[in-house]
2 protein chains.
Amino acid sequence: MAIGRSPQSSSQTPDQGAARRPSRARGIPEATVARLPLYLRALTALSERSVPTVSSEELAAAAGVNSAKLRKDFSYLGSYGTRGVGYDVEYLVYQISRELGLTQDWPVVIVGIGNLGHALANYGGFASRGFRVAALLDADPAVVGSSAAGLPVRHMDELEEIVETQAVSIGVITTPPGAAQQVCDRLVEAGVTSILNFAPTVLTVPDGVDVRKVDLSIELQILAFHEQRKAGEEPDRGESVLDRAPGPVRAAAAKLRRAAGASAKRTDAKAEPEPAKGGPGQGPEGDLSAVMPA
Amino acid sequence: MAIGRSPQSSSQTPDQGAARRPSRARGIPEATVARLPLYLRALTALSERSVPTVSSEELAAAAGVNSAKLRKDFSYLGSYGTRGVGYDVEYLVYQISRELGLTQDWPVVIVGIGNLGHALANYGGFASRGFRVAALLDADPAVVGSSAAGLPVRHMDELEEIVETQAVSIGVITTPPGAAQQVCDRLVEAGVTSILNFAPTVLTVPDGVDVRKVDLSIELQILAFHEQRKAGEEPDRGESVLDRAPGPVRAAAAKLRRAAGASAKRTDAKAEPEPAKGGPGQGPEGDLSAVMPA
DNA sequence: TAGATTGTTAATCGATTAACAATC
DNA sequence: TAGATTGTTAATCGATTAACAATC
């Protein structure tokens with residue numbers, strides 16, 4: 001392996017995995033691929049209600065996108081609709097499932113069986129869409145031997161054998177951040193070529209290996225950013241208006257920046273705390289250690 | 001509330017929340033906002049190692065992006081670097097923290113204390129970056145009264161009072177999908193304006209409310225898509241090559257599509273299973289019911 | 001045939017990237 | 001001063017969207 005290590009196609013939300021792979025392998029844009037599961041979910045719900053056909057308008061509403069985007073997305077898959085009528089629900093469920101590779105079985109290993117690993121092991125959506133938990137793994141002897149979701153937790157040392165015998169190509173990492181890269185290396189070495197990483201760590205993988213990231217901390221921070229802006233825009237919610245950034249002052253203050261290093265030199269209305277707060281908020285942020293053993 | 005309900009700015013990965021809000025509030029693109037937490041994490045690690053300054057090249061490598069992108073991103077925040085030198089780590093930590101709104105405290109409520117809710121309650125990264133769990137809530141009497149991460153699980157009926165007295169503006173939904181919209185409505189009604197949704201449901205919220213989504217099932221499906229492509233591209237990994245989609249056959253087959261509804265009419269090399277598989281894989285996919293009570 | 005709805009075009013918008021002048 | 005590195009420009013690329021001709 002190690003054909004040319006490259007950082008994962010990180011950049012979180014905007015373009016997860018967009019840089020990876022020839023991407024538009026069969027000409028399907030990444031943005032479209034990322035929406036196919038949404039359509040599939042909406043279609044499955046319609047299917048359960050025995051709805052025979054659906055228009056792009058209806059389906060788009062159910063999936064939370066606009067209809068032009070949906071039709072454009074579907075156009076990459078082929079011409080599966082009927083003008084004047086709409087789309088056959090069952091047929092579309094099948095076509096999208098096939099396009100996503102869900103008509104086959106995907107054995108998955110979960111490494112790191114803490115709270116989160118447990119939650120994932122129990123996750124119903126796992127099995128229901130072609131994914132099957134092949135094994136739960138952990139390096140901690142105290143955890144090995146216990147069981148989660150009816151499956152025994154096995155030792156990391158069994159990884160290679162499990163991956164080989166069960167043809168596992170997808171690995172889920174739910175270890176503490178410190179162990180993530182090491183676990184990742186071992187997964188890749190064993191033959192896993194797709195990784196879903198819950199640890200707040202940038203993983204480095206060889207070409208040909210896909211990494212996707214799920215990061216609670218980042219999502220919350222993005223929400224906080226927008227939340228902060230709201231305070232400044234809607235003075236009716238009289239909460240922390242005094243906490244918002246002045247804005248124009250910012251540019252001017254930039255000039256004074258480095259002179260005193262991190263010392264407060266700016267004229268914000270804010271408390272202007274030092275970057276190195278010392279107390280809480282300075283720890284290994286994004287640390288999942290508290291959540292699970294490695 | 002209900003100023004004009006609109007579906008969340010879904011479309012999962014590509015542009016989470018991009019449509020929402022005036023977005024580039026202070027002129028910062030969504031894609032940049034989504035990367036700021038990554039930079040912050042890398043900078044925090046450097047800070048802990050007492051590294052005084054860092055170049056765009058080094059920091060970009062640590063964050064897993066390219067340096068041009070990083071410099072462009074930083075340019076939206078202001079001129080915080082020094083040509084020929086780089087960026088002052090502490091100062092940049094502070095600036096990004098402030099930009100993201102992390103210099104203030106964000107009380108958060110978690111609704112739905114199953115496995116996942118537990119995992120999140122214990123999540124170390126929560127407290128370490130300005131987020132504080134104000135309360136754990138659940139509607140199930142069997143769960144209410146228990147404790148998680150040292151906090152008592154309180155009943156949903158206390159939601160309104162908690163949100164008001166603690167000025168909670170961020171809510172995390174970890175309920176089963178069936179309860180998510182209802183919980184969301186109640187959160188919004190109580191005054192919450194940012195929601196992080198772990199339930200596999202498209203939430204509808206009024207204007208002014210941000211929704212971000214974390215969806216394990218979707219991430220796995222995206223991985224499966226790419227994994228499927230790999231099988232067709234690298235014949236050396238002799239696994240499920242026979243499972244890949246033929247491709248050219250697709251277009252031709254499209255013509256025959258609707259005639260027999262979902263019936264197999266195509267000439268794939270595949271097993272060509274019916275869309276309505278009947279057995280497993282047809283259930284309420286993405287169901288988190290198994291994970292936690294509501 | 002008339003009405004409905006798809007599939008596609010083309011315009012627009014936002015994000016990425018390389019390159020380099022500015023400047024420490 | 002010479003070397004290093006930022007901040008910005010401009011070109012490129014990909015994604016979104018409205019509009020509408022094709023067609024059921």
Side-chain angles (χ1 to χ4, degrees), chain A residues 9-24 27-36 53-61 63-88 91-92 95 251 254-255 257-259, chain B residues 9-24 27-36 53-61 63-88 91-92 95 251 254-255 257-259:
Chain A
S9 52
S10 49
S11 58
Q12 171 60 2
T13 320
D15 64 353
Q16 276 233 42
R20 193 85 282 92
R21 295 268 93 204
S23 207
R24 317 187 32 177
I28 302 183
E30 269 304 310
T32 296
V33 171
R35 281 188 294 266
L36 292 181
T53 60
V54 66
S55 71
S56 62
E57 202 67 57
E58 295 165 325
L59 184 55
V65 303
N66 84 38
S67 65
K69 193 185 282 182
L70 177 142
R71 288 198 300 278
K72 183 79 169 147
D73 284 341
F74 285 0
S75 76
Y76 294 110
L77 308 185
S79 297
Y80 294 152
T82 306
R83 287 172 214 253
V85 178
Y87 300 90
D88 181 283
Y91 187 66
L92 203 45
Q95 289 300 342
K255 280 286 158 210
R257 64 197 178 299
R258 295 205 63 257
Chain B
S9 53
S10 49
S11 57
Q12 172 58 5
T13 320
D15 65 354
Q16 278 233 42
R20 195 86 276 99
R21 293 268 93 204
S23 207
R24 316 185 35 177
I28 303 182
E30 270 304 310
T32 296
V33 171
R35 281 188 294 266
L36 292 182
T53 61
V54 65
S55 71
S56 62
E57 202 67 56
E58 295 165 325
L59 184 54
V65 304
N66 83 38
S67 64
K69 193 185 281 182
L70 177 142
R71 287 197 302 276
K72 183 79 169 146
D73 284 342
F74 285 1
S75 76
Y76 293 110
L77 308 185
S79 297
Y80 294 152
T82 305
R83 291 160 132 104
V85 178
Y87 300 90
D88 181 283
Y91 187 66
L92 204 45
Q95 289 300 342
K255 281 287 156 208
R257 65 197 179 299
R258 294 204 64 256

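Below, read A as the first sequence line, B as the second, and so on, with proteins coming before strands; counting in each chain starts at 1. Heavy atoms only: backbone and side chains are in, while hydrogens, waters and symmetry mates are out.
- The CD atom of B:E58 lies 7.5 Å from the OG1 atom of B:T53; values are rounded to the nearest 0.5 Å.
- Between the CG atom of A:N66 and the C1' atom of C:dT12 there is a distance of 14 Å, given to the nearest Å.
- As rounded to whole Å, 8 Å separates atom P of C:dT6 from atom CD of A:E57.
- Distance CD1 (B:I28) to P (C:dA15): 12 Å, rounded to an integer number of Å.
- Residues A:Y80 and A:F74 are not in side-chain contact: their nearest non-hydrogen atoms beyond the backbone lie 4.5 Å or more apart.
- Between A:E30 atom CD and D:dA15 atom P the separation is 8 Å, expressed in whole Å.
- Across all non-hydrogen atoms, the minimal contact from B:G27 to B:P29 is O-CD, 3.4 Å.
- Remark: A:S55 OG to A:R71 CZ distance equals 9.0 Å, nearest 0.5 Å.
- The separation between A:K69 atom NZ and C:dT6 atom C1' is 19 Å, rounded to whole Å.
- Of the candidate nucleotides C:dT17, C:dA15, C:dA10, C:dT17 has the atom nearest to the side chain of B:K72.
- The OH atom of B:Y87 sits 6.0 Å away from the CG atom of B:L70 when rounded to the nearest 0.5 Å.
- Checking B:A68 against A:A68, the closest nucleotide of DNA chain D that is more toward the 5' end is the one next to B:A68.
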Identify each atom pair where a protein N or O and an N or O of nucleotides 3-5 of chain D are less than 3.5 Å apart, giving names and distance.
unit_1 : atom_1 : unit_2 : atom_2 : d
D:dT5  : O4'    : B:G84  : N      : 3.0
D:dT5  : O2     : B:G84  : N      : 3.4

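- Side-chain contact between B:L77 and B:Q95: absent, with no pair of heavy atoms (C-beta onward) separated by less than 4.5 Å.
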Secondary structure of DNA chain D per the Watson-Crick/G-U criterion (both distances under 3.5 Å; [ ] crossing, | other strand, . unpaired) is ..||||||||||||||||||||||
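- Distance A:R35 CZ to D:dT17 P: 9 Å, rounded to the nearest Å.
- B:L92 places a side-chain heavy atom less than 4.5 Å from the side chain of B:L59.
- Atom CG of A:D73 and atom P of C:dT8 are 13 Å apart (whole Å).
- Among all heavy-atom pairs drawn from A:S67 and A:S56, the shortest one is CB-O, 3.8 Å.
- Following rounding to the nearest Å, A:L92 (CG) and C:dG7 (C1') show an atom-to-atom distance of 14 Å.
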